[in-house]
Amino acid sequence: MSLLLALLLDALFGEPPSRFHPVVWMGRYLAWAWRRVRGFPSGAFYWALGALLFALPAFLLDLLLRPLAWGWMVLGLLLKPLFSLRMLLLEVFGVEKALEEGLEAGRRRLSRIVSRRTEDLSAEEVREAALESLAENLSDSLLAPLLYYALFGLGGAALYRYANTADAMWGYPEHGARGAFAARADDLLNLLPARLTGLLLCPPGLWGRLPQEARKTPSPNAGFPMAALALRLGVRLRKRGAYALNPLAPSPKASHTRKALWLVGGLGYGVGLLLAAATGLW
């Protein structure tokens, strides 16, 4: 019941206020710790300290609450902030609506969800980047935390969300050794979820092409859901000067964005319900 409740809360209400959001607390800790990181050893130390601070209480709460008759309700409330689908869908939909107003509006809205520079992107590149973010975050923001919850309980979901947040803040290549541990930890935790997401998104008849396309991206994981969405929609997704996925296909149009939103929304909540049923948390 806890996973089902969390899915319902996400679909109806989205994210809790920032002051109550554990991912916001993780971000504040990581910002504080980053000022103290000098290299790989201290990066690993402060990463591990944060993992202990956020994951250990979640593991203990899970052990305490699971046997209680009403514990599923509290677990569902605590799980909800550790994943997000409604917000992801709304952000990508917002980029598409902003493009209808004009290119500058689309670029500004896109800058909220991607780390790349958006000031000189074309309308095609704005839409492509939004679809890439949608695919990557289907794995990072939904399927991965739910999978770790199903396998390891609330502590597993908290640990994954912490690791993913640390990578988003510390794991840039330009940070070098300081952020290397955070980047590698996130890579390790995403090995299975990213590939599972890719297989679910990609038509089975194109599974043979999926690894080839995914390897074009510098990330060992993000390429799988992104390439899968490109193959599913029959469109090209690219990052200027870096890669082009499904390169012989046309660029996506607004109709492709609408199709992708329905596809990702249905797949995300559908997999969540299947995990709930399969793990006895229905």
Side-chain angles (χ1 to χ4, degrees), residues 1-33 50-66 68-95 109 111-115 133-134 136-170 186 189 193 261 264-273 275-276 279 281-282:
M1 290 292 288
S2 56
L3 211 162
L4 183 60
L5 174 61
L7 290 169
L8 183 62
L9 291 172
D10 180 76
L12 294 178
F13 303 111
E15 301 307 297
S18 295
R19 64 182 180 276
F20 302 124
H21 207 303
V23 179
V24 174
W25 304 342
M26 292 172 186
R28 289 173 179 166
Y29 164 79
L30 289 163
W32 170 85
L52 187 67
L53 289 172
F54 291 104
L56 181 59
F59 275 112
L60 295 176
L61 278 171
D62 193 288
L63 290 173
L64 174 67
L65 293 168
R66 199 167 290 268
L68 303 179
W70 47 266
W72 64 269
M73 186 178 299
V74 181
L75 281 173
L77 291 170
L78 294 173
L79 173 62
K80 165 58 208 90
L82 300 176
F83 73 91
S84 177
L85 183 56
R86 177 188 169 109
M87 183 178 71
L88 171 62
L89 298 174
L90 289 176
E91 287 291 345
V92 175
F93 177 74
V95 173
R109 187 62 186 256
S111 68
R112 292 168 42 163
I113 60 173
V114 299
S115 58
S133 180
L134 178 66
E136 182 179 3
N137 281 288
L138 173 61
S139 177
D140 291 358
S141 297
L142 182 79
L143 294 188
L146 293 188
L147 178 62
Y148 280 104
Y149 179 76
L151 292 173
F152 305 111
L154 189 65
L159 178 62
Y160 173 81
R161 177 50 61 207
Y162 169 77
N164 190 244
T165 305
D167 178 62
M169 296 179 66
W170 293 9
D186 182 72
L189 290 173
L261 289 169
V264 168
L267 178 61
Y269 288 123
V271 170
L273 292 174
L275 286 173
T279 57
L281 299 174
W282 188 269

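Note that the numbering runs from 1 along the sequence shown for the chain. These numbers come from the heavy atoms of this one structure, side chains and all, not from hydrogens, waters or symmetry mates.
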Go through it in stages, so that I can follow the logic: the residues are N164 and M26, the test is side chain to side chain contact (heavy atoms under 4.5 Å, CB included), and I'd like the CA-CA distance, side-chain angles, deciding distance and then a yes or no. CA-CA 10 Å; N164 190 244; M26 292 172 186; over 6 Å; no

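- The two residues L159 and A55 have their closest heavy-atom pair at CB-CB, 4.0 Å.
- Taking CZ of F93 as the reference point, atom CG of L88 lies at 13.5 Å (rounded to 0.5 Å).
- A salt bridge links D10 to K80: at least one charged side-chain nitrogen sits closer than 4.0 Å to a carboxylate oxygen.
- Within 6.0 Å of CZ in F59 there are more than 12 heavy atoms belonging to other residues, nucleotides or ligands.
- Considering only heavy atoms from C-beta on, S133 comes within 4.5 Å of V114 through its side chain.
- Applying the side chain to side chain donor-acceptor pair (under 3.5 Å) test to pairs two or more places apart or on separate chains, those with a residue in residues 54-64 are D62-R66.
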Mind listing the side-chain donor-acceptor pairs of residues 71-78 below 3.5 Å, one per line with the distance, residues two or more places apart or on another chain?
unit_1, atom_1, unit_2, atom_2, d
W72, NE1, A69, O, 3.4

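- In this structure, L65 and W70 have side chains that are in contact, with non-hydrogen atoms separated by less than 4.5 Å.
- Counting all heavy atoms, side chain and backbone alike, L68 lies closest to L64 at CG-O, 3.6 Å.
- Each of F54, Y148, Y149, F83 was evaluated against Y160; a single residue qualifies, Y148, per the ring-ring contact (aromatic ring centres under 6.0 Å, His included) test.
- For the pair A58 and A158, the tightest heavy-atom approach, listed with the atom from each and the gap, is CB-CB, 3.8 Å.
- Of all heavy-atom pairs between S84 and E15, the closest is OG-OE2, 2.9 Å.
- Shortest non-hydrogen contact noted between A157 and P145 is CB-O, 3.6 Å.
- At least one donor-acceptor pair under 3.5 Å links the side chain of W25 to the backbone N or O of R19.
- Closest approach of Y269 to L142, counting heavy atoms only: N-CD2, 4.4 Å.
- By the 4.5 Å heavy-atom criterion applied to side chains, L5 and L79 are not counted as neighbours.
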For this session: Could you go through the side chain to side chain contact (heavy atoms under 4.5 Å, CB included) check for L7 and L85 one step at a time?
Result: CA-CA 9 Å; L7 290 169; L85 183 56; over 6 Å; no

Exercise for review: Would you please test L89 and L134 for side chain to side chain contact (heavy atoms under 4.5 Å, CB included) and show each step?
Suggested key: CA-CA 7 Å; L89 298 174; L134 178 66; 4.0 Å; yes

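- In this structure, the side chains of L138 and L267 come closer than 4.5 Å at one or more pairs of heavy atoms.
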